[in-house]
Engineer: 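Sharing a structure with you now.
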Amino acid sequence: MSGRWRLSKRPRAEADAHARVPPLLPLSTSRKGLSNAVSCWYCDCKITSFNEPIFHFGRRHGRVLRAWFSIGIGFSLAALAVVTTVLFLELAVAMHIFGNSDVPHSLPISYSSLFGLPPLISSCNFSPADAGYIIISSLISVAFHEFGHAAAVASEGIKLEYVAVFIALLFPGALVAFNHDVLQDSSCFNALRIYCAGIWHNAVLSAASGLMLFCLPLILFPLYIHGESPMVLDVPSTSPLSGYLSHGHLILSLDGMHIQNVDDWVNLSAQISESTFQNGTLSRLGENDRMANGRKGYCVPNFMLKESNKVQFSHDQSTCFGDLTSFTSIPCVSSTVLVDGDVDDSHYNRKEGIFCLNVNDIIKLNKCISGWNKAIINDSTSTCMCSQDETCLSPVQMPGSVWVEITYLNPHSSDCFYSRENPLPSSNCSGTFIFVGDVVSMAHSIQLTMYRPRLDFHYARYLPDVLERIFLCLFHASLALALLNSLPVYYLDGESILEIIIFQLTSMSPRNKEKVLRAFLMGGTLMSIFLLLRIFFHVFVS
């Protein structure tokens with residue numbers, strides 16, 4: 001696009017297409033380099049201290065900056081087209097315009113994912129620290145966005161008036177103000193460079209944050225070991241694993257399945273829970289409410305059963321005293337259930353007996369029943385794989401609870417050796433314990449990281465996690481700001497970009513161009529409000 005251009009007759013605008021808001025009942029104060037205005041629904045803080053440094057920087061590197069921001073025009077126009085298309089498609093799906101056709105009810109890329117909604121916001125473990133990461137990343141994204149506008153303005157030889165931070169109603173924002181009359185005399189391409197600069201800067205910042213996340217293991221390699229097993233960063237006192245795990249421990253396996261990363265820990269926990277409740281073979285013990293988990297069992301030597309205390313049901317209750325746990329025998333096709341030789345096998349087939357055993361002794365035994373990971377069972381073709389001198393026992397559990405074995409390692413123990421080639425060490429630096437309960441909640445109750453410091457320094461353990469969270473939030477916040485400003489919505493960059501594009505359509509009269517612009521902006525604003533409300537209710541309410 002070339003030649004001169006002219007916007008519709010409106011008051012002088014700022015670089016973000018934010019029209020200056022006239023304050024009601026204003027209260028204004030000022031001092032050197034700083035001024036502010038306060039009203040019932042609007043307040044701002046105008047900063048002029050950056051005017052001269054930014055202007056000199058823009059003039060000194062004008063040629064390079066103009067080339068840089070010219071690249072941003074292509075990206076911003078593409079972003080405007082993409083988000084406008086998504087707006088129309090999402091609205092059409094929400095209003096069932098396509099009926100019962102093959103069009104999916106939700107787009108492959110959800111609206112919340114498109115606008116970079118940070119996963120921390122929807123996390124059930126959202127904490128004040130997470131709020132701090134989001135606030136810091138948002139401030140950096142906004143500052144980088146406005147610096148793009150300011151540098152683009154300076155590169156065109158236009159002086160800044162001020163940089164302002166404002167709150168309108170409850171919504172914070174920032175803007176760059178300059179002499180808009182000077183811009184009227186420049187080409188539309190120069191104006192596009194200025195209005196597209198913020199979107200372009202946010203896109204670059206988001207890409208740089210994603211690249212830093214990808215390269216972080218390599219950058220921290222001299223100081224940290226990455227990718228072997230997840231390390232425990234924090235175990236809150238409210239966690240069911242409190243007392244079993246502590247910071248610095250490595251989680252090696254869950255039910256014998258090796259845990260390679262944090263996603264494995266979460267996904268395997270969910271998979272075990274789902275398979276237990278949906279596909280597990282749970283059998284009732286008489287009329288009692290307890291359940292025998294027939295999916296997992298242990299090959300217990302018969303001499304241990306002779307020494308155990310056998311507890312019968314009494315008033316619909318069965319109890320093992322002290323630290324003992326209730327187990328019930330499971331009929332096996334491949335082994336004979338023998339206890340003292342004179343005990344009637346049908347007694348166990350009816351599962352009327354309970355054995356009270358020490359869990360610490362049981363978890364060292366071989367596994368039986370096909371519910372375990374096949375890698376830790378000798379033969380997966382039979383129901384259970386116990387010898388004739390052993391009995392397959394399964395723990396008795398309350399309905400809704402899941403029995404899992406968790407193996408961990410203390411890498412700071414003096415006699416501990418751990419490597420990728422030896423993921424399950426046999427030394428006494430590792431341990432195994434049993435958790436019974438809600439496995440999914442258990443998995444989310446602790447904080448893990450994939451980075452293990454090479455030196456045992458307490459605070460060094462938290463640095464990679466802090467960097468990961470900052471870069472992740474910065475990626476999402478900057479992406480969200482870039483795409484939000486690409487929307488054809490009033491008072492955003494998309495308004496000015498769309499206005500320049502429409503007013504270059506010479507085949508239309510100025511009056512018709514103004515009507516088309518208003519129709520696009522009004523429709524885009526209403527659709528954006530509607531769909532952003534859908535995201536809010538989907539994430540925070542439903």
Side-chain angles (χ1 to χ4, degrees), residues 1 5 7-8 10 13 15-19 69-98 101 103-117 141 145 148-149 171 173 188-189 191-204 206-207 476-508 512-536 538:
M1 287 181 276
W5 66 283
L7 285 171
S8 57
R10 298 183 299 165
D16 273 354
H18 299 295
F69 292 123
S70 296
I71 300 174
I73 293 177
F75 175 85
S76 300
L77 295 179
L80 175 63
V82 169
V83 296
T84 303
T85 303
V86 171
L87 275 178
F88 281 107
L89 290 178
E90 283 281 3
L91 183 64
V93 172
M95 298 181 67
H96 304 285
I97 293 178
F98 297 109
S101 62
V103 178
H105 292 287
S106 59
L107 294 178
I109 301 177
S110 68
Y111 203 67
S112 58
S113 299
L114 177 65
F115 288 102
L117 186 66
S141 299
H145 180 99
H149 286 308
F171 300 98
C188 63
F189 194 79
L192 279 176
R193 272 200 294 258
I194 294 175
Y195 289 122
C196 295
I199 298 173
W200 174 237
H201 263 210
N202 280 134
V204 172
S206 181
H476 285 282
S478 194
L479 176 63
L481 194 60
L483 295 177
L484 283 172
N485 273 278
S486 301
L487 288 170
V489 172
Y490 285 110
Y491 305 118
L492 296 179
D493 291 338
E495 177 188 10
S496 293
I497 296 173
L498 185 63
E499 188 170 7
I500 295 173
I501 295 174
I502 290 178
F503 273 77
Q504 293 305 302
L505 301 177
T506 56
S507 60
M508 299 173 61
N512 289 336
K513 291 177 182 179
E514 187 72 27
K515 290 181 179 180
V516 171
L517 177 63
R518 289 178 182 174
F520 267 99
L521 294 177
M522 183 61 68
T525 302
L526 294 177
M527 286 189 294
S528 297
I529 293 174
F530 170 73
L531 294 174
L532 288 175
L533 287 175
R534 284 189 65 199
I535 295 176
F536 176 82
H538 175 73

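Since the model is a prediction, treat every value here as computed from it, not as a measurement.
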Engineer: What's the separation between atom CG in Leu533 and atom OG in Ser528, rounded to the nearest 0.5 Å?
Structural biologist: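 These two atoms lie 10.5 Å from each other.
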Engineer: Can you see which heavy atom on Leu492 is nearest to which on Leu484, and at what distance?
Structural biologist: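 Scanning both residues, the minimum pair turns out to be CD1-O, 3.2 Å.
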Engineer: Just list the side-chain donor-acceptor pairs under 3.5 Å for residues 520-527, sequence neighbours left out, or say none.
Structural biologist:
| residue | atom | partner | partner atom | Å |
| --- | --- | --- | --- | --- |
| Thr525 | OG1 | Tyr490 | N | 3.4 |
| Thr525 | OG1 | Leu521 | O | 2.7 |

Engineer: Does any part of the side chain of Leu87, heavy atoms only, come nearer than 4.5 Å to the side chain of Pro488, both counted from C-beta?
Structural biologist: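 Yes, their side chains come closer than 4.5 Å.
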Engineer: Taking the side chain as C-beta and beyond, is there a heavy-atom pair between Cys196 and Phe75 under 4.5 Å?
Structural biologist: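 Contact flag for Cys196/Phe75 side chains = no.
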Engineer: Any chance you could measure Ser70, atom OG, to Trp200, atom CH2, to the nearest 0.5 Å?
Structural biologist: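 It comes to 11.0 Å.
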Engineer: Decide yes or no for Arg534 and Leu531: does some side-chain heavy atom of the first lie under 4.5 Å from some side-chain heavy atom of the second?
Structural biologist: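 Contact flag for Arg534/Leu531 side chains = yes.
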Engineer: Could you check if a side-chain atom of Ile497 sits within less than 4.5 angstrom of a side-chain atom of Ile199, using non-hydrogen atoms only?
Structural biologist: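 Yes; the side chains approach each other to less than 4.5 Å.
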Engineer: Under the ring-ring contact (aromatic ring centres under 6.0 Å, His included) rule, collect the residues that match up with Phe530, sequence neighbours excluded.
Structural biologist: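 Scan of Phe530 (ring-ring contact (aromatic ring centres under 6.0 Å, His included), adjacent residues dropped) gives none.
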Engineer: What distance separates Leu481 CG from Ser486 OG, expressed to the nearest 0.5 Å?
Structural biologist: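 Separation between the atoms: 9.5 Å.
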Engineer: Within this structure, what is the CG-CG distance for the pair Leu80 and Asn485, rounded to the nearest 0.5 Å?
Structural biologist: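 Taking CG in Leu80 and CG in Asn485, the distance rounds to 11.5 Å.
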Engineer: What are the two closest heavy atoms between Ala482 and Ala203, and how far apart are they?
Structural biologist: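 Closest approach of Ala482 to Ala203: CB-N, 4.2 Å.
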Engineer: Determine, step by step, whether Thr84 and Leu498 satisfy the side-chain contact (heavy atoms from CB on, under 4.5 Å) criterion, reporting the C-alpha distance in whole Å, the side-chain angles of both residues, the deciding distance to 0.1 Å, and the verdict.
Structural biologist: CA-CA 11 Å; Thr84 303; Leu498 185 63; over 6 Å; no
Engineer: Say you draw a straight line from NE2 of His149 to CZ of Arg193; how long is it, rounded to the nearest 0.5 Å?
Structural biologist: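 Spacing of NE2 (His149) from CZ (Arg193) equals 15.0 Å.
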Engineer: Could you grab the distance from atom CE of Met508 to atom CZ of Phe503, nearest 0.5 Å is fine?
Structural biologist: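 Here the rounded value is 9.0 Å.
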Engineer: Verify, without hydrogens or angle tests, whether Asn202 (side chain) and Ala480 (backbone) share a donor-acceptor contact under 3.5 angstrom.
Structural biologist: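 No, because the side chain of Asn202 does not come within donor-acceptor range (under 3.5 Å) of the backbone of Ala480.
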